[in-house]
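One structure is given here, and the rest of the page talks about it.
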Amino acid sequence: MSTEPRHARATGRLTAGRVLARFLLTIVGIVVALVLFFNAEDMFTGYPQVGSQYISWAVLFLTCATGAVAWIVDHRRLPSLDDSGVDTADRRGTDADE
C-alpha cells in the first residue's frame with residue numbers, strides 16, 4: 001500500500017476506460033434522477049394493471065439507496081477524525097501516541 005494521498009496517485013491517469021465509466025455513471029445517474037422525479041410527481045400511481053404499487057415500492061427503495069450512496073461517498077471524501085476531533089491522516093507516521 002502506498003503512503004501517498006489518494007488524490008496524488010489518481011491524478012494524471014485519464015484513460016478511455018475511466019472516461020467511459022464516468023460517462024455511463026452519469027447516464028445512470030440521470031435515469032435514476034428522472035425516475036425519482038416522476039415518482040415524486042405520482043406518475044406511477046393509479047395503474048393497477050401494470051403493478052404501480054410495486055413500482056412505487058421499488059422507487060422508494062431506489063430513493064433510500066441513492067441517499068445511502070450519497071452518504072457513503074460524502075463520508076469517504078471527509079478526513080478521518082478520531083474521537084478527539086484530530087485528523088488522524090496528519091498523525092500517520094509520527095510518534096503522536098507516545
Side-chain angles (χ1 to χ4, degrees):
M1 186 165 157
S2 176
T3 58
E4 295 176 345
R6 183 176 18 177
H7 60 82
R9 290 186 310 239
T11 57
R13 294 188 207 162
L14 189 61
T15 63
R18 290 183 80 171
V19 171
L20 181 63
R22 177 67 71 151
F23 177 75
L24 291 176
L25 186 62
T26 302
I27 296 298
V28 167
I30 290 170
V31 169
V32 167
L34 284 173
V35 168
L36 293 176
F37 172 74
F38 292 149
N39 188 62
E41 293 295 321
D42 291 332
M43 188 173 191
F44 300 126
T45 57
Y47 300 101
Q49 65 271 23
V50 295
S52 63
Q53 69 274 20
Y54 301 119
I55 294 174
S56 293
W57 278 103
V59 172
L60 179 64
F61 174 76
L62 187 61
T63 304
C64 294
T66 303
V69 167
W71 183 79
I72 290 169
V73 168
D74 184 53
H75 280 281
R76 285 184 66 202
R77 71 174 183 81
L78 294 175
S80 20
L81 300 175
D82 62 9
D83 292 334
S84 65
V86 176
D87 187 358
T88 56
D90 292 340
R91 297 185 343 176
R92 286 188 195 131
T94 65
D95 294 335
D97 293 331
E98 295 178 14

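Worth saying up front: this structure is predicted, and the values here are computed from it rather than measured.
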Pair up each side-chain donor or acceptor in residues 23-31 with any protein partner under 3.5 Å, not counting sequence neighbours, and list the distances.
from	atom 1	to	atom 2	distance (Å)
Thr26	OG1	Arg22	O	2.8

Without placing hydrogens or testing angles, list every side-chain donor-acceptor pair under 3.5 Å for residues 57-67, not counting sequence neighbours.
from	atom 1	to	atom 2	distance (Å)
Thr63	OG1	Val59	O	2.8
Thr66	OG1	Leu62	O	2.7

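Screening residues 52-74 for salt bridge (Lys or Arg N to Asp or Glu O under 4.0 Å), with sequence neighbours left out, gives Asp74-Arg77.
Counting side-chain heavy-atom gaps under 4.5 Å among Ile, Leu, Val, Met, Phe, Trp and Tyr, the cluster of Val73 also holds Val69.
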